[in-house]
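Just so you know, these numbers come straight off a predicted model, no measurement behind them.
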Amino acid sequence: MTVKKIDLNTSILANNEMWAKRNRELFDAEGIFAVNLMSSPGSGKTTILEKSLDYLTPQLKLGIIVGDIATTEDANRLKGQGAPVVQINTHGACHLDAQMISGALSSFNLKELDLLIVENVGNLVCPADFSFGEDLKVAVLSTPEGNDKVRKYPEMFRKSHAVLINKIDLISFVDFDLNRVEEDLKNLGSRAEIFPMAAKTGQGVDVWCQWLIRQVRKTG
Ligand SMILES: Nc1nc2c(ncn2[C@@H]2O[C@H](COP(=O)(O)OP(=O)(O)OP(=O)(O)O)[C@@H](O)[C@H]2O)c(=O)[nH]1
Ligand SMILES: [Mg+2]
């Protein structure tokens, strides 16, 4: 009997690449700009989306996909704000993959979308390895998480085109050093745009949204 050894990691990632390529072709064909919003749990992804929709929906036709292991709580928070929202439950998986996104895309009228934002499952590790065909990866880091996270979880930050530093309203309580984070990003070779904000109060959300709108229009 011959035993064939399969590298599961390689095969899972190759399968993801295949689905990501399909999604990419669909986004190109329909003129959709796609964003992968990633962070650890609770850093403020859904709050950022809640506040960003006020700026984005008057200018762009948006669709949102939210990923969580369980519940439809995030989708419920975002519904009724002028953008269709689809919730994916991964039932244990720590990230969204390209095939899951492909399945969710059938719930949208793609001809009507300019911008698709995907809120990934809260996790600083796995989502970085699974692209779904997006144009931009955006990482959120909130100040209470500590300013060592770029160094400890480099992959997500290295790959991100923008880093949103959220909960800036708490900065003086949690010893967060923004300069250190900027330095760590540079050391990774990152050229990410950095947007300090407090999504809860809305501070800084306009600047990030204006930048995002410019990115969408550049490719449109
Ligand atoms: N003080 C402060 N709290 C914030 C801010 N942004 C979000 N929060 C709070 O942080 C908590 C988590 O916010 P969410 O938006 O649910 O975080 P999330 O990243 O979507 O969380 P998961 O989807 O579970 O990964 C909530 O209680 C928010 O009110 C902020 O700028 N400042
Ligand atoms: Mg959320």
A.B. asks: Hey, are Glu145 and Ser142 close enough side-chain-wise for a donor-acceptor pair under 3.5 Å?
C.D. replies: yes
A.B. asks: Looking at side-chain heavy atoms only, is the closest gap between Val205 and Val207 below 4.5 Å?
C.D. replies: no
A.B. asks: May I ask you to decide whether Asp148 forms a salt bridge with Arg180, counting only side-chain N to carboxylate O separations under 4.0 Å?
C.D. replies: no
A.B. asks: Do Phe132 and Trp19 come within less than 4.5 Å of each other through their side chains, counting heavy atoms only?
C.D. replies: no
A.B. asks: Would a 4.5 Å heavy-atom cut-off, applied to side chains only, mark Val150 and Leu141 as touching?
C.D. replies: yes
A.B. asks: Charged N to carboxylate O under 4.0 angstrom, Asp74 versus Arg77?
C.D. replies: yes
A.B. asks: Examine the side chains of Thr143 and Lys167 and answer whether a donor and an acceptor come within less than 3.5 Å of each other.
C.D. replies: no
A.B. asks: Tell me the closest heavy-atom pair linking Glu73 and Gln87, and the distance in Å.
C.D. replies: N-OE1, 4.2 Å
A.B. asks: Quick one: are Val35 and Asp135 in side-chain contact, heavy atoms under 4.5 Å?
C.D. replies: no
A.B. asks: Answer yes when Glu155 and Arg158 have at least one side-chain N-carboxylate O distance shorter than 4.0 Å, and no when they do not.
C.D. replies: yes
A.B. asks: Donor-acceptor pairs under 3.5 Å, side chain of residues 115-128 to any protein atom, not counting sequence neighbours: which ones?
C.D. replies:
{"residue": "Glu119", "atom": "OE1", "partner": "Thr46", "partner atom": "OG1", "Å": "2.7"}
{"residue": "Glu119", "atom": "OE2", "partner": "Thr46", "partner atom": "OG1", "Å": "3.0"}
{"residue": "Asn120", "atom": "OD1", "partner": "Leu96", "partner atom": "N", "Å": "3.0"}
{"residue": "Asn120", "atom": "ND2", "partner": "Asn36", "partner atom": "OD1", "Å": "3.0"}
{"residue": "Asn123", "atom": "OD1", "partner": "Val125", "partner atom": "N", "Å": "2.6"}
{"residue": "Asn123", "atom": "OD1", "partner": "Cys126", "partner atom": "N", "Å": "3.1"}

A.B. asks: Do NZ/NE/NH1/NH2 and the carboxylate oxygens of Asp184 and Arg151 come within less than 4.0 Å?
C.D. replies: yes
A.B. asks: Could you check whether any side-chain heavy atom of Ser190 comes within less than 4.5 Å of a side-chain heavy atom of Lys159, counting everything from C-beta outward?
C.D. replies: no
A.B. asks: Using the ring of each side chain (for Trp, its six-membered ring), is Phe130 parallel, tilted or perpendicular to His95, with breaks at 30° and 60°?
C.D. replies: parallel
A.B. asks: Under a 4.5 Å cut-off applied to non-hydrogen side-chain atoms, are Asn166 and Ser43 in contact?
C.D. replies: no
A.B. asks: Counting C-beta onward and ignoring hydrogens, is there a side-chain heavy-atom pair between Phe27 and Leu105 closer than 4.5 Å?
C.D. replies: yes
